[in-house]
> 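First, the structure itself, so that you have it in front of you.
Keep in mind it's a predicted model, so treat the numbers as computed, not measured. Sequence lines set the chain letters: A, B, ... in the order given, protein chains first and strands last, and positions in each chain run from 1.
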Amino acid sequence: MGPKEPHEDPRELRPVHLERGVHGHRPRGLRGARRRLHVHPQRGARARLRRARPRGRRQLPQRRPEHLRVTPRVRFAPSPTGYFHVGSARTSLFNWLFARRHGGAFVLRIEDTDTERNRDEWRQGILDALTWLGLNWDEGPTLQSANLGDHHAAVEALWEGGYLYACDCTREQIDARSAATGRPGYDGHCRTRELPRGPSTALRFRMPDEGATTIEDLVRGTVTFPHEAIGDFVVMRSSGVVLYALANLVDDRSARITHVIRGEDLLPTTPRQVLMWEALNHCASQERVDLPAYAHLPMLVNEQRKKLSKRKDPVALESYRDQGYLPEAMVNYLALLGWSPRGDEIADRARLIDEFDLAEVSRSPAFFDVKKLTHINAEYLRAMTSDAFAHACRPWVDPDPAAWRPRAAPPWAPEHFDADVFSRAVPLIQTRVTTLAEVPAMVAFLFGDEVAFDEDAVAAVLADDPLGRVVLAVAIERFAEVDFTAASLHDALVELGEGVGLPLRRAQAPVRVAVTGTRVGPPLFESLELLGRQRTLDRLRAALARVS
RNA sequence: GGUCCCAUCGUCUAGUGGCCUAGGACACCACCCUCUCAAGGUGGAGACACGGGUUCGAACCCCGUUGGGACUGCCA
């Protein structure tokens, strides 16, 4: 370990008293009961970053941490790669929360310099995704490609300053040499060759031979990288294209970014960027800009605990939108990945903003659990008013194909959709779906011409059960006479059941299957009322004929 | 291989030396409610990776081991 000051134990300076709720004891399992954090003044303590971050939640400092002495300017800088990754969504959310929490600016920059992954619709996809999530940006979107002049100016400055050298090694040559020596990576072959710059030379950054770069990461604490383990890296291709690590940092300098909040996968490139940033600060032609604070967020991983893979894992934010997840639910769930609010996990934007603290962000990777996302989505769905819910269903049920977001038709002829019937069905289905995509199947019996029969259900309660057919036969008679309201239908079927010796739970099954095709669904009598007498009787007769 | 990061129920987490008999949420199981299915209610099972050390006391601090991960491009 590096040099330490053993007496600098921050805990001694930070008395903390944790209390449980308002009572001395807390009953086990009490919902929503939380510990409260009380912080005592931190007298005379230096409110600067600690060399190592203690595990667990930090208390709120009495004095603002040094990194918050300026109004934060954060940025989200995705590159257009085809669709919006949930990991990007999480990163952008944390940036946005941080900016909103501290009254800073959230800057959007699109890193479009790799021409292979740069298409108009992909760039638009980023804007659409952020808009859908409700992560509004204060500046931009700026395109990295618009800043090419600055990138090249930075390269010239570094070259003038002697930080760079030309290299004409090919990939094959480098690989051959590292195979021979058994040491992977670039070996510094051209370091002292003093090659002139030309069309076949790349420019490499000369790493210091010794020493180390230390980063005070806002979530990970102090991280030290020995220079000897980092090879000289390319800053500009022989083609003249300035590479990501430099371009990214030059843009951050021009935008006066104060906090770089990004995925942990970028942690290893941070010392390179810090070195280049400081080198630029020493260049006469370059402005001096304060180094930003860094915060590296834990990765999102799959069940195999590997970084979410574009090929194998369901990572496209758009697909969650199309499956009927609400943006509010997605935001809430994403916020829970690597962080947690103090109270209930179900927390709206205002609470997320109010409670968000980078210092509380976890350091270990988080599994993207669709089951939990689904649960949270269902919670938000249930919390909606009926009208809002009905409105949110439009892309899945609307007769107008232009309204269909998943580009899939509902399972009925669009012209048979009845908005009034649907809105009356909403209270019946709202607690029964976890995503909006489940809605069409749940109301299909109201709008379809044909009943889609679940054959197992038909067999169980009709074909194989003589009593089921009796129930149908009697129901056809009784339902022809009763008031066609849920209450009357209910009473009629109870009475009918008593007549044939069946409790309601058994008597309702044949009717349900005959009318809706399945054994599960919304409450039966309300459904029949919505369907109307004529269609109900038709279906009962058809089902009876089908199994006779 | 090298550098770096990480380690509490299956999952997401609370926890910052005594309030821990380790809390909550998802998932799971049981029961209640009930016209089915949900929703809701009640209860249950389920974790500090391991080994040393420091300390009166360690999930928490230190060291090591093991395990997992990221990076290691003239990609971003």
> Kindly point out which of B:C74, B:U72, B:U13 is positioned nearest to the side chain of A:R171?
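The closest nucleotide is B:C74.
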
> Closer than 4.0 Å, any side-chain N/O of A:R305 to the OP1 or OP2 of B:C12?
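Yes, A:R305 has a side-chain N/O under 4.0 Å of OP1/OP2 on B:C12.
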
> Once you apply a heavy-atom cut-off of 4.0 Å, does A:L266 come out as touching a base, just sugar-phosphate, or nothing?
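The residue A:L266 makes base contact.
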
> Should we say atom CZ of A:R193 is surrounded by more than 12 heavy atoms from elsewhere, each under 6.0 Å from it?
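Counting other residues, nucleotides and ligands, CZ of A:R193 exceeds 12 neighbours.
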
> Need the pair for B:A30. Rule: Watson-Crick or G-U wobble, both distances under 3.5 Å, any strand; none if unpaired.
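Answer to the pairing question: B:U42, which forms a Watson-Crick or G-U pair with B:A30.
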
> For the side chain of A:S340, starting at C-beta, report the closest nucleotide among B:C5, B:U13, B:C37.
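Of the candidates, B:U13 comes closest.
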
> Given B:C26, B:C5, B:C6, which nucleotide is nearest the side-chain atoms of A:L267?
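It is B:C5.
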
> Select base, sugar-phosphate, or nothing to describe what A:S364 touches, counting heavy atoms under 4.0 Å on all strands.
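Counting heavy atoms under 4.0 Å across all strands, the contact made by A:S364 is with sugar-phosphate only.
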
> Please determine if a side-chain N or O atom of A:R237 lies less than 4.0 Å away from the OP1 or OP2 oxygen of B:C75.
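For B:C75, OP1 or OP2 has a side-chain N or O of A:R237 closer than 4.0 Å.
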
> Between A:S200 and A:L504, which has a closest nucleotide on RNA chain B that is more 5'?
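Nearest-nucleotide comparison on RNA chain B picks A:L504.
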
> Whole-Å distance between B:G73 P and A:D265 CG?
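In whole Å, B:G73 P lies 15 Å from A:D265 CG.
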
> Determine whether the aromatic ring centres of residues A:F205 and A:Y165 are separated by less than 6.0 angstrom.
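Between A:F205 and A:Y165, which both carry aromatic rings, the centre distance is not below 6.0 Å.
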
> A:E379 has an atom CD; how far is it from atom P of B:A38, in whole Å?
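The distance from CD of A:E379 to P of B:A38 comes to 16 Å, rounded to the nearest Å.
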
> If we ignore hydrogens and angles and just use 3.5 Å, is the side chain of A:E379 paired with the main-chain N or O of A:I346 as donor and acceptor?
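Not confirmed, A:E379 side chain does not pair with A:I346 backbone.
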
> Any side-chain N or O of A:R342 under 4.0 Å from OP1/OP2 of B:G24?
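No, outside the criterion.
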
> Taking atom C1' of B:C26 as reference, at what distance in whole Å does atom NE2 of A:H375 sit?
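Rounded to whole Å, this separation is 7 Å.
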
> Please give, in whole Å, the distance from B:C5 P to A:R363 CZ?
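The distance from CZ of A:R363 to P of B:C5 comes to 11 Å, rounded to the nearest Å.
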
> Between A:R204 and B:C74, does any side-chain N or O lie under 4.0 Å from OP1 or OP2?
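Answer is yes, contact under 4.0 Å.
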
> Do the side-chain N or O atoms of A:R505 get closer than 4.0 angstrom to the phosphate oxygens (OP1, OP2) of B:U36?
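Indeed, a polar side-chain atom of A:R505 lies that close.
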
> To the nearest 0.5 Å, tell me how far A:Q173 CD sits from A:Y186 OH.
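A:Q173 atom CD to A:Y186 atom OH measures 9.5 Å (nearest 0.5 Å).
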
> Quick one: label A:G338 by what it contacts on the DNA or RNA (base, sugar-phosphate, nothing), any heavy atom closer than 4.0 Å.
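Sugar-phosphate, no base atom in range.
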
> Can you identify which nucleotide, out of B:A27, B:C6, B:C5, has its nearest atom closest to the A:V223 side chain?
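Selected nucleotide (nearest to the side chain): B:C5.
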
> Mind calculating the distance between CZ (A:R478) and P (B:C35) to the nearest angstrom?
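It is 19 Å, rounded to the nearest whole Å.
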
> When rounded to the nearest Å, what value does the distance between P atoms of B:A45 and B:A58 take?
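About 27 Å, rounded to a whole number of Å.
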
> If you check the A:E264 side chain, which of B:C74, B:G69, B:U13 turns out closest?
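Nearest nucleotide to the side chain: B:G69.
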
> Give the residues of residues 295-304 of chain A touching RNA chain B, defined as any heavy atom closer than 4.0 Å, sorted by residue number.
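Contacting residues: none.
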
> Would you say that more than 12 heavy atoms from the other residues, nucleotides or ligands in this model lie under 6.0 Å from the CD of A:E210, or not?
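No.
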
> Could a donor-acceptor pair under 3.5 angstrom be found where the side chain of A:S239 meets the base of B:C74?
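Between B:C74 and A:S239, which were checked side chain against base, a qualifying N/O pair under 3.5 Å is absent.
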
> May I ask which nucleotide in the shown strands pairs with B:A76, Watson-Crick or G-U wobble, both distances under 3.5 Å?
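Because no pair has both required distances under 3.5 Å, B:A76 counts as unpaired.
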
> So A:A509, base contact, sugar-phosphate only, or nothing? Heavy-atom distance under 4.0 Å.
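Result for A:A509 = nothing.
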
> In terms of side-chain heavy atoms of A:K371, which of B:A27, B:C74, B:C4 is nearest?
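Selected nucleotide (nearest to the side chain): B:A27.
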
> Honestly, is A:R109 close enough over A:F76, meaning NZ or CZ under 6.0 Å from the six-membered ring centre and within 45° of the axis?
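No, A:R109 does not lie over the aromatic ring of A:F76.
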
> Given the structure, check if the side chain of A:K306 and the base of B:A70 hold any donor-acceptor pair shorter than 3.5 Å.
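In this structure, the two groups form no donor-acceptor pair.
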
> Kindly state whether the ring of A:Y380 and the ring of A:F389 have centres lying under 6.0 angstrom apart.
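So the answer is no for these two rings.
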
> Is there a Watson-Crick or G-U wobble partner for B:G67 with both distances under 3.5 Å, and if so, which one is it?
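Base-paired to B:C6.
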
> Any idea which heavy atoms bring A:N248 and A:E111 closest together, and the distance?
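Heavy atoms of A:N248 and A:E111 come nearest at ND2-OE2, 3.0 Å.
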
> So, OP1 or OP2 of B:C71: does either fall under 4.0 Å of a side-chain N or O from A:K307?
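It does, given that an N or O in the side chain of A:K307 lies less than 4.0 Å from OP1 or OP2 of B:C71.
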
> So, does A:T516 use its side chain to make a donor-acceptor pair with the main chain of A:V513 at under 3.5 Å?
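Not at all, since once roles are kept as given, no pair shorter than 3.5 Å links the two residues.
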
> State whether the distance check finds a donor on one side and an acceptor on the other, under 3.5 Å, for side chain A:R512 versus base B:C35.
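Side chain to base: pair found, below 3.5 Å.
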
> Taking any heavy-atom pair under 4.0 Å as a contact, classify A:E526: base, sugar-phosphate, or nothing.
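If one applies the 4.0 Å heavy-atom cut-off, A:E526 turns out to touch a base.
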
> Base, sugar-phosphate or nothing for A:L243? Non-hydrogen atoms, less than 4.0 Å.
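Touches sugar-phosphate only.
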
> For A:R191, I'd like to know if atom CZ has over 12 heavy atoms of other residues, nucleotides or ligands within 6.0 Å.
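More than 12 within 6.0 Å, yes.
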
> Kindly say whether, by distance alone, the side chain of A:T431 makes a donor-acceptor pair under 3.5 Å with the base of B:A38?
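Per atom types, the contact qualifies.
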
